[in-house]
Protein chains: 2
Amino acid sequence: MRQGTKHKIMDSAERLFAERGFSDTSLRLITSHAEVNLASVNYHFGSKKELIQAVLMRYLEAFMPQLDRAMQAHLDSEQAPSLDDIFNAFVEPLLSMNEQRKHGTSLFLLLLGRGYTDSQGHLRKFITHHFGEVLDRFQAAVRRAYPQLTEAEMFWRLHFTLGTVVFTMASSAALRDIANADFNEQVNVETLIRKVIPYLAAGVGAPIQQQ
Amino acid sequence: MRQGTKHKIMDSAERLFAERGFSDTSLRLITSHAEVNLASVNYHFGSKKELIQAVLMRYLEAFMPQLDRAMQAHLDSEQAPSLDDIFNAFVEPLLSMNEQRKHGTSLFLLLLGRGYTDSQGHLRKFITHHFGEVLDRFQAAVRRAYPQLTEAEMFWRLHFTLGTVVFTMASSAALRDIANADFNEQVNVETLIRKVIPYLAAGVGAPIQQQ
DNA sequence: ACAATTTTCAAACAACTGTTTAAAAATTAC
DNA sequence: GTAATTTTTAAACAGTTGTTTGAAAATTGT
C-alpha cells in the first residue's frame, strides 16, 4: 500500500470535518473519499468520536511543543515582551503546519473552531487536560507583557482572542472569496494571520475599564 | 390553547438550536420539548430549514431596526463618533432581546454563532440580503470614527469582531461557569457584553500595519 | 512453506433522520 | 346547528446514521 489506511482515513476526515463540521460528515463520506472500507474506521479508531480526537491530536502534538518553546523564550528573556511579540510568536508554529500537510494551517484552525463550536466544551477540556502547562506558560507570558491586567480580565480577553481566530478561520474561505471579489485583494492564510495579530494585541491590550 | 403551536415550536427550537446546533437538533426533539405533534413543524413551516430561518428572522426583525436607529444617530451627529461609541450602541438593542424573551440576548447571539459556523455562509447571505442597508450604515459609522482605515482592512476587522462576539456567546455558558469557579466572578450577559466592547473597539482601532 | 496474525471487505444491524399521508379532531363561518 | 376550513394526530415512508459481524484476503513470523 502506498499509504496506510489509518492515515488515508485521517487525511480525508480532517478535510471533510473542517469543511462540513463533525456531525455533518458521515463515516461513509470519509471512507469513500479515502477509498477504504467503511468498517476500517471502527477497526482502526474504535469509533467516530475517537477518530475526531485522533485528527485533532495529530495537529496539537505538532503545534503545542513549538508554541511552548516560543512562550518559554518570552518568559526567560531579559526584557518583558510586548503583546505584539507574544501573538507574533504564534505565526511560525501555525505556518509550520503547512509544511507537514498541504493547507495544514487552515485545516488546523478550522478543526479547532469546529471542535469548540460543534461539541460544547469538550475540546476545551481535552486541550487543557493534555496541554495545560503550555496554556499556563502562554498566560504567564501575557501577564509579563501586561501586568496590570487582572487574572479574571485576562481570562476573558484571551477567550475573546481565541474566538476571533477560531471564527475567522472557520469562515475564512468564504471571507477570502468576498475580499477577492470586492477589493481585488488576494488573501492567503499567512496574510490573514498577520492581519489579525495587531487586532488581537490591541484588544488584549485595551485599557482596563472599571465597572 | 394557551400558546399557539407555531410559537411553541419556535421557542423550543431556538433553545435547542442554541444548545446543540442545527443539525444535532432533530425535529422529534423539538416537538417533544414543545409538546406538539412531529408533523406540525412541516405543516406550519414547510421544512426544518424554513423553521431555522423563521427562528432567526424573529430576532433579526426585532434587533436590526434598533441597531439601525443607533447607527443613523451616529451618522447624523455633529461630532464624529468614537469606536467605543459605535460598539456601545449595540448594548441596548442586544439587551432589549431579554425583554421579549427570557435569556433572549444569549439565545440571539448563540443562534447567530450557530448560523455562521454550522451552515457555511448561508446566514451571511441571508442577513446581507434582508438587512444590507443596516450593515452599510454600521460600516459608514465605523468609517466616520476611523477614516484612515481602508475599506478592505475594515472588512476584515469587522469580521474579526463578529467572530469575537459570536464565539464568546457560543461558549459563554461554559466560560461563565469557569469564571465563577476560578475567580468567584459572577458574570451575566450584560457584564460580558460590557467586557467585550473595549476589546473590540481597541481591536478595530488598532494602528494600521503596512505589509 | 506453512501457521498465526492483522487487515479488509460486503452485508446486515438497529436506531435515527426529515417528510408525507390520510383520517380524526378542533375551529371558524354562516 | 351545520357545513367548510384549519389544525392535530398516529402511522408509515424512504433514506441515512454509526456500529457489528464473520468470512475472505493480505501480511507477518518462523
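Letters go in sequence order (proteins before strands), and every chain restarts at 1.
- Computed from coordinates, the A/Leu27 CG to C/dA11 P distance equals 19 Å when rounded to whole Å.
- Atom C1' of nucleotide D/dT21 and atom CG of A/Asn42 are separated by 12 Å, given to the nearest angstrom.
- More than 12 heavy atoms of other residues, nucleotides or ligands shown are found within 6.0 angstrom of CD on A/Gln72.
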Inset, instruction - Could you walk me through whether A/Glu151 and A/Arg143 pass side-chain contact (heavy atoms from CB on, under 4.5 Å), step by step? - result: CA-CA 8 Å; A/Glu151 206 75 2; A/Arg143 197 178 307 114; 3.1 Å; yes
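- Comparing atom distances between the A/Tyr43 side chain and each of C/dT17, D/dT8, C/dT8 picks out C/dT8 as nearest.
- Ring centers of A/Phe167 and B/Phe167: at least 6.0 Å apart, outside the cut-off.
- Contacts classified as side-chain hydrogen bond (donor to acceptor under 3.5 Å, both in side chains) and involving residues 35-53 of chain A (residues at least two apart or in different chains) are given here: A/Ser47-A/Glu50.
- In this structure, B/Thr25 reaches the sugar-phosphate backbone alone: every heavy-atom distance under 4.0 Å involves primed, P, OP1 or OP2 atoms, never a base.
- Contact check, A/Ser26 against D/dT17: a side-chain N or O comes under 4.0 Å of OP1 or OP2.
- B/Arg28 has its CZ atom 12 Å from the C1' atom of D/dA10, to the nearest Å.
- Interface residues of residues 34-41 of chain A facing DNA chain D, ordered by number: A/Leu38, A/Ala39; criterion, heavy-atom separation under 4.0 Å.
- Under the 3.5 Å distance criterion, the side-chain polar atoms of A/Arg157 are left unmatched by any main-chain donor or acceptor of B/Tyr199.
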message: What verdict does the side-chain contact (heavy atoms from CB on, under 4.5 Å) test give for B/Thr150 and B/Trp156, after you've listed the backbone C-alpha separation in whole Å, the side-chain angles of each residue and the deciding distance to 0.1 Å?
response: CA-CA 10 Å; B/Thr150 65; B/Trp156 285 109; over 6 Å; no
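- Salt bridge absent: B/Arg114 and B/Asp24 never bring a charged side-chain N and a carboxylate O closer than 4.0 Å.
- Summarising the geometry, the separation between CD1 on B/Ile30 and P on C/dT17 is reported as 10 Å, rounded to the nearest angstrom.
- Scanning for side chain to side chain donor-acceptor pair (under 3.5 Å) contacts around B/Asp68 gives B/Arg137, with sequence neighbours left out.
- Under the 30°/60° scheme for interplanar angles, the aromatic rings of B/Phe90 and B/Phe63 are found to be tilted.
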Stepwise side-chain contact (heavy atoms from CB on, under 4.5 Å) test for B/Arg101 and B/Tyr59
CA-CA 10 Å; B/Arg101 203 172 333 284; B/Tyr59 277 104; 3.2 Å; yes
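- Put simply, CG on B/Leu29 is 14 Å from C1' on C/dG18, counting in whole angstrom units.
- Contacts between residues 6-18 of chain A and DNA chain C, defined by a heavy-atom separation under 4.0 Å, are absent.
- A heavy atom closer than 4.0 Å to some atom of DNA chain D occurs in A/Ser47, A/Lys48, these being the qualifying members of residues 44-59 of chain A.
- The side chain to side chain donor-acceptor pair (under 3.5 Å) test applied to B/Gln100 returns no partner, not counting sequence neighbours.
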